[in-house]
Amino acid sequence: MSTAALASDMRTLKVKIKRYNPELDEAPHWEEYTTEADPLDRVLDVIQKVKWYQDETLALRRSCAHGVCGSDAMRINGVNALACKILVRNVKGDTLTLEPILGLPVIKDLIVDMKPFFDHYKSVMPFLINDEPAPTTERLQSPADRARFDETTKCILCACCTTACPPFWSDNKYVGPAAIVNAHRFIFDSRDRGAQERLDILNDAEGVWRCRTVFNCTSACPRDIKVTQAISEVKRALLGGSIEMDRDPLQIIEA
Amino acid sequence: MAYSGIGRKVRPNGGFELAWWFFMRISGLMLVFLALGHLTITHLINSVENINYAFVASRWADPQSGWIWRLWDLTMINLAVLHGFNGLRQILWEQILSPSKRVIASTIIWGLAAVLIIGGSYSILLFQENREYIQKWKAEREAARFAQSARHIQ
């Protein structure tokens, strides 16, 4: 392909960004930029182009830029996603609208204060609890036992799910989908012994019962975790008192 | 190694919100059949034009099947009111965060629900049909049918 053909693929994008500088602004406001973008550019590339060549005051969080660290979660054209995982060719229309994720206090521009999010995360004790004497080797686990919670190990704590959740927008005391996903990761781990304590914490009006099965979390998750399903499994464990599965989890993964 | 799940039993938790969640599941499932059945009978099998006091009264007054219709309607109205008002409570609880305002909202919600439940259950359980009216209605309906068929013959 010639350079000319490549150049013709370039698109002119109008980038609308919700800006807020706490030292200057009383309230957030929209600012517009125009930039050229390659269809294979990521949204993150477009934002950095704006920041590097047009307005260096634009503040955003990003680290690995490859969908692993989860620091560039934002609302892209009204939908929560990681800016490093959305390509320009998947942006509909000529306008790219960027906002900070909802439900958390904005520090500056696209950066939000993640403390409330991590406080909820910590409240479910997201670490292995096992007081039994440690074996001389590893705590062994069958592939099937490992598969039981495989889905929820994928979480990168980007907050896309929690800040896509309508109950969380209005009620920030709600523990949120991400915290429940991380509780699920340990509740259903055969090596863990803290399931009862975690379930007691989640059996609360502001725990799993604030979940309205809106499914926004599932569609927002950049790691494709079935978040609503994980929450439902916790609800069922609370009701039935069993954290076993009626089918072999390995077969579900293979299917 | 197969799926073991050793030590995988926990105490079933109880509690207000869990009970409501379970109720919403069960009542929702029952309402699918009750409400869709009701819709089919009153709007598809019968025409809306023919449904009036006499239709309902004769159905409830039937010596054989009357209790089934009364039980159906009683279950449906009570489940629908509780299911609906609890849904309303959960939605409002997202917006109303102060405990004192929640008390006021609860009072209004459950007061309204109580009025509907008591009123509905009272009507269904203690209903006495007006036999004369039903007889008159049936006679009129027959006469109308006869007149219609007579018109067809002409």
Side-chain angles (χ1 to χ4, degrees), chain A residues 130 132 140-148 165-174 187-214 231-232 234-252, chain B residues 1-33 35-36 79-113:
Chain A
N130 193 332
E132 293 161 16
L140 286 178
Q141 185 171 48
S142 72
D145 283 339
R146 174 62 179 73
R148 177 66 189 89
C165 172
F168 184 79
W169 294 337
S170 51
D171 175 12
N172 57 17
K173 285 196 290 252
Y174 171 38
I187 289 169
F188 294 91
D189 186 338
S190 65
R191 298 163 297 185
D192 186 84
R193 297 290 175 268
Q196 188 73 65
E197 279 175 80
R198 291 194 192 88
L199 288 171
D200 286 343
I201 293 165
L202 291 175
N203 185 21
D204 186 87
E206 302 293 356
V208 288
W209 307 120
R210 181 60 72 232
C211 167
R212 205 82 54 250
T213 52
V214 179
I231 299 174
S232 298
V234 174
K235 287 177 181 169
R236 257 179 271 144
L238 281 167
L239 181 73
S242 170
I243 43 179
E244 284 185 57
M245 209 180 194
D246 48 2
R247 285 180 297 171
D248 188 339
L250 260 188
Q251 288 174 348
I252 296 169
Chain B
M1 274 194 283
Y3 177 57
S4 66
I6 295 164
R8 314 272 61 216
K9 281 278 172 193
V10 286
R11 163 169 49 81
N13 287 53
F16 182 72
E17 292 291 339
L18 186 146
W20 267 121
W21 174 75
F22 192 54
F23 170 81
M24 293 298 266
R25 293 277 147 147
I26 301 298
S27 60
L29 197 66
M30 285 172 76
L31 281 168
V32 167
F33 295 102
L36 285 182
L79 288 183
V81 168
L82 288 172
H83 189 98
F85 276 86
N86 185 50
L88 184 66
R89 175 187 72 93
Q90 295 193 315
I91 292 164
L92 287 178
W93 262 220
E94 280 163 23
Q95 309 296 332
I96 305 171
L97 299 176
S98 102
S100 57
K101 282 180 187 163
R102 279 189 179 181
V103 171
I104 299 169
S106 293
T107 314
I108 296 170
I109 294 171
W110 297 121
L112 264 170

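Residue numbering restarts at 1 for every chain, and letters A, B, ... go by the order of the sequence lines.
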Any side-chain heavy atom of B:W21 within less than 4.5 Å of one from A:V208? no
Counting only non-hydrogen atoms closer than 4.5 Å, does B:W20 touch chain A with its backbone (N, CA, C, O), its side chain (CB onward), both, or neither? neither
Tell me whether the count of non-hydrogen atoms from other residues, nucleotides or ligands lying under 6.0 Å of CZ in B:F22 goes above 12. no
For A:E197, is it the side chain, the backbone, both or neither that has a heavy atom under 4.5 Å from a heavy atom of chain B? neither
Atom pair CG/CG of B:L97 and A:N172 - distance to nearest 0.5 Å: 7.5 Å
Closest-packed option against chain B by number of heavy-atom pairs under 4.5 Å, given A:N203, A:D204, A:D171: A:N203
Can you tell me which portion of A:R146 sits under 4.5 Å from chain B's heavy atoms? Options are side chain, backbone, both or neither. neither
Within the structure provided, determine whether A:R210 and B:E17 are in side-chain contact (heavy-atom separation under 4.5 Å). no
Taking all non-hydrogen atoms of both residues, which atom of A:W209 and which atom of B:Q90 are closest, and how far apart? O-NE2, 4.4 Å
